[in-house]
Amino acid sequence: MRRAIAIAMAMAGILTITLAGCAENPEKSVVQEKNMDKMLEQAESKDNSSTYEQVKEELKKKYETYKTQIKDKKRKVTVDVDARVEVPEVEKLSVYRVSQKKIGQDFLDKVRKGLTPDTVYYDGRMKNGRTKSIVAKEINVTERSLAEAKKSKDTALVEEYSEELERLKKEYKTVPDQVTLTDYPLDNKIQSIKKLFDSDPKDTFYSWLHELHGSGDVFYGVSDEKEGVQHELFMQNSDNYGNCLRYRCGKNGQASNIYAADVGSDIPYTVSKKEGEEPDFTTSGIEGEKGQPFTAKGVDNEPLTLSEQEAEEKVNTLMGQLGLSDYQCYEKGLCSQLIGGMKEGEEFRYRDVYQFMFLRKLDNVFVNNLAGFKYSDGWQGTEYVKKMWENETVIVAVNDSGIVDFYYLSPLTIDKTVVEKSQIKSFDEIRDTFEKMVVVENAIKESGEEQDAKVSIQVKDVKLIYSRISEKDSFDTGLVVPVWNFEGTRVDEYGDERTGTILSINAIDGSVINQELGY
């Protein structure tokens, strides 16, 4: 199992680490024009392409393994390839048009019934409801910041802190001395974010939701802590940040806010674990105070004594109840999950779980967005656009308490089969593109670098998978296409090592897929 399902998949999320550095302008003969219509024409054309059966024969004769070494002294990149070449055992590969699927009331009800049939949910925003003591602390901090700004004669900060201080003092007069969660029961219905905001524009949680998700939908419920256990259930439909449903329960508090805006940003931090060994969280890329690696203590009140098989049976039962038959288990294993240390002054703690990751299967081929998710953060004309479309995933964690995490992220709707039996390029052509572009995509910029700086890459796996690519100006629709994914380890010019996707190449037109652009 990969070191950290959570980090690899999400951020982002998530199983989708792109290891390329700053790329130079590629040669026109290598990178094809990224035109969806042209690509679909190639998928159906028999000119200069092969059938999937022909590619499988080519691989059997020449590429059971793919070995080579590439050195580019000018770009300071060395690539060692000693890889298995894996292809799905199917007769054909197709192209599908897909769109983002909204989560409906019926699915939310199934989740509640399947996971917490007897649980009463209360308004989640009141879990950490703003009280006079909380606002008073914020007033003290803001007053100190204002005093520092005045000393430094920073007029912009003085104005900013003065306005914030005035707002907090007004809020202090209106918030209660304390908040009792059970005074705010929910009717378990999905709510329009706009309607919630319009009902109380001064509410900080509603304002935050409205700013991020605009015309989206939300449900956020938490239980009381009967017998020391608290359940949290959050769901969002968002044009900007994607659609998701997250469930979590525990006896030791939560790792972070389950209502994080980014679909993948709140997946639990986990690292693989071997029986009898302490987990090494430093391998997951998580750091503690001042950027230093940390150790975490295991908790005693969330034991894991059941077997992986027993855990898997629970997970498969839930997947059946929720009607998620299009997904199959892609990775599973024993993990240690961070459940403390995310808040200031909080001790780092972990619990052991069996964690299962499910991906969609089409034509008995996993749809794995290792090629990248679609992301935009910048000015487009006169409008600032921040949007993302992350990888479709289901992640479930189990311990002796039962299912303690369920994450349903960026679900897809399969709208249409665009090409029933797609033509693809020979692996000889894909190999040539890889060998040219892997050094271009990972080249070191000359300015400011040490003379002995270099990038070292090892490719250990080459897989033909299905992956979602997005249309240039659309965050609503995309295509699922066959993609060659080159996976391994990259050590950059600073000595930092990352494992994941080295390069992804569209199997139909041979174009290199950009993770952030999503195509």
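These numbers come from a predicted model, not from an experiment. Just so it is clear, the values below take in all heavy atoms, side chains as well, and ignore hydrogens, waters and symmetry mates.
E390 and S410 form no side-chain donor-acceptor contact under 3.5 Å, judged by distance and modelled atom types alone. No hydrogens or angles considered: nothing links the side chains of E302 and Y350 as a donor-acceptor pair under 3.5 Å. Using a 3.5 Å distance cut-off with no hydrogens or angles, the side chains of N368 and Y466 do not pair a donor with an acceptor. Using modelled atom types and a 3.5 Å distance limit, the side chains of D224 and T182 yield no donor-acceptor pair. Side-chain atoms of Y121 and T116 include a donor-acceptor pair closer than 3.5 Å. A donor and an acceptor atom, one from each side chain of N364 and K361, are located under 3.5 Å apart. Side-chain polar atoms of H231 and S223 form no donor-acceptor pair below 3.5 angstrom.
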Evaluate the side-chain contact (heavy atoms from CB on, under 4.5 Å) criterion for residues L479 and M39: first the C-alpha distance (whole Å), next the side-chain angles of each, then the deciding distance (0.1 Å), finally the verdict. CA-CA 11 Å; L479 296 172; M39 183 200 70; 3.7 Å; yes
Derivation and outcome, side-chain contact (heavy atoms from CB on, under 4.5 Å), residues T489 and R498: CA-CA 6 Å; T489 301; R498 293 289 184 269; over 6 Å; no
In sequence, state the C-alpha distance, the side-chain angles, and the governing distance for I339 and V299, and then conclude on side-chain contact (heavy atoms from CB on, under 4.5 Å). CA-CA 9 Å; I339 57 172; V299 298; 4.0 Å; yes
Trace of the side-chain contact (heavy atoms from CB on, under 4.5 Å) decision for N243 with K101: CA-CA 7 Å; N243 310 327; K101 180 180 181 178; 5.6 Å; no
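The main-chain N or O of P201 is found under 3.5 Å from a side-chain atom of S207 such that the two form a donor-acceptor pair. At least one donor-acceptor pair closer than 3.5 Å links the side chain of T393 to the backbone N or O of N391. Of the possible polar contacts, none joining the D363 side chain to the V365 backbone as a donor-acceptor pair under 3.5 Å is found. With hydrogens and angles ignored, the 3.5 Å screen pairs no side-chain donor or acceptor of T180 with any backbone N or O of D183. Distance alone, capped at 3.5 Å, places no donor-acceptor pair between the K251 side chain and the G228 backbone. Proximity of a side-chain donor or acceptor of Q105 to a complementary backbone N or O of I190 within less than 3.5 Å is detected. Formation of a donor-acceptor pair under 3.5 Å by the N237 side chain with backbone atoms of G216 is not found in this model. The backbone N or O of H213 lies less than 3.5 Å from no partner atom in the side chain of N240, so there is not a single donor-acceptor pair. For E392 (side chain) and L412 (main-chain N/O), a donor-acceptor pair under 3.5 Å exists by modelled atom type.
Under a 4.0 Å N-O distance rule, the pair R167/E163 does not qualify as a salt bridge.
Within a 6.0 Å radius of CD in E277, more than 12 heavy atoms belonging to other residues, nucleotides or ligands are found. Around atom CD of Q321, more than 12 heavy atoms belonging to other residues, nucleotides or ligands sit under 6.0 Å away.
Taking CD from E166 and CD from E164, the interatomic distance works out to 10.5 Å, rounded to the nearest 0.5 Å. The CG atom of L306 lies 8.0 Å from the CG atom of N399; values are rounded to the nearest 0.5 Å. One finds the CG atom of D239 at 12.0 Å from the CH2 atom of W389 (value rounded to the nearest 0.5 Å). A distance of 11.0 Å separates CG of L146 from CG of D154, quoted to the nearest 0.5 Å. C249 contributes atom SG, which lies 7.5 Å from atom CG of D405 (distance to the nearest 0.5 angstrom). Note that CZ of R490 is 13.0 Å distant from OG1 of T501, once rounded to the nearest 0.5 Å.
Figure legend: cation-pi geometry between K132 and Y172, with NZ or CZ positioned under 6.0 Å from the six-membered ring centre and within 45° of its axis. Annotation: cation-pi geometry satisfied between R360 and Y327 (NZ/CZ under 6.0 angstrom from ring centroid, within 45° of ring axis).
Within the 4.5 Å cutoff, the side chain of T131 has no heavy atoms near those of the V175 side chain. Two residues are said to be in side-chain contact when any heavy atoms from C-beta on lie closer than 4.5 Å; L115 and L233 fail this criterion. Side-chain contact between L245 and L108 is present, with at least one heavy-atom pair separated by less than 4.5 Å. The closest side-chain heavy-atom distance from L409 to V394 is not below 4.5 Å. Residues S215 and K194 have side chains not in contact (no heavy-atom distance under 4.5 Å, counting atoms from C-beta outward). Inter-residue side-chain proximity for T477 and V98 is flagged as unmet; no heavy-atom pair is nearer than 4.5 Å. Residues V95 and V480 form no side-chain contact, since every pair of their non-hydrogen atoms from C-beta on lies 4.5 Å or further apart. At least one side-chain heavy atom of R112 sits less than 4.5 Å from a side-chain heavy atom of D109.
Among all heavy-atom pairs drawn from S470 and M36, the shortest one is O-CE, 3.0 Å. When every heavy atom of Y354 is checked against every heavy atom of E275, the shortest pair comes out as OH-OE2, 4.3 Å. Counting all heavy atoms, side chain and backbone alike, G221 lies closest to L186 at CA-CD1, 3.7 Å. Across F219 and N188, no two heavy atoms sit closer than the pair CE1-CA, 3.5 Å. Scanning both residues, L168 and E138, for their nearest heavy atoms gives CD2-OE1, 3.4 Å. For R468 against N369, the heavy-atom pair with the smallest separation is N-OD1, 2.9 Å.
Under the 6.0 Å cut-off for aromatic ring centres, Y122 and Y184 do not qualify, their centroids lying 6.0 Å or more apart. In this structure, Y408 has its ring center closer than 6.0 angstrom to the ring center of F107.
In this structure, H210 and F197 have parallel ring planes: the angle between them is below the 30° cut-off, well short of the 60° mark.
Each of E232, R125, Q191 was scored for a side chain to side chain donor-acceptor pair (under 3.5 Å) with Y220, with one residue passing: E232.
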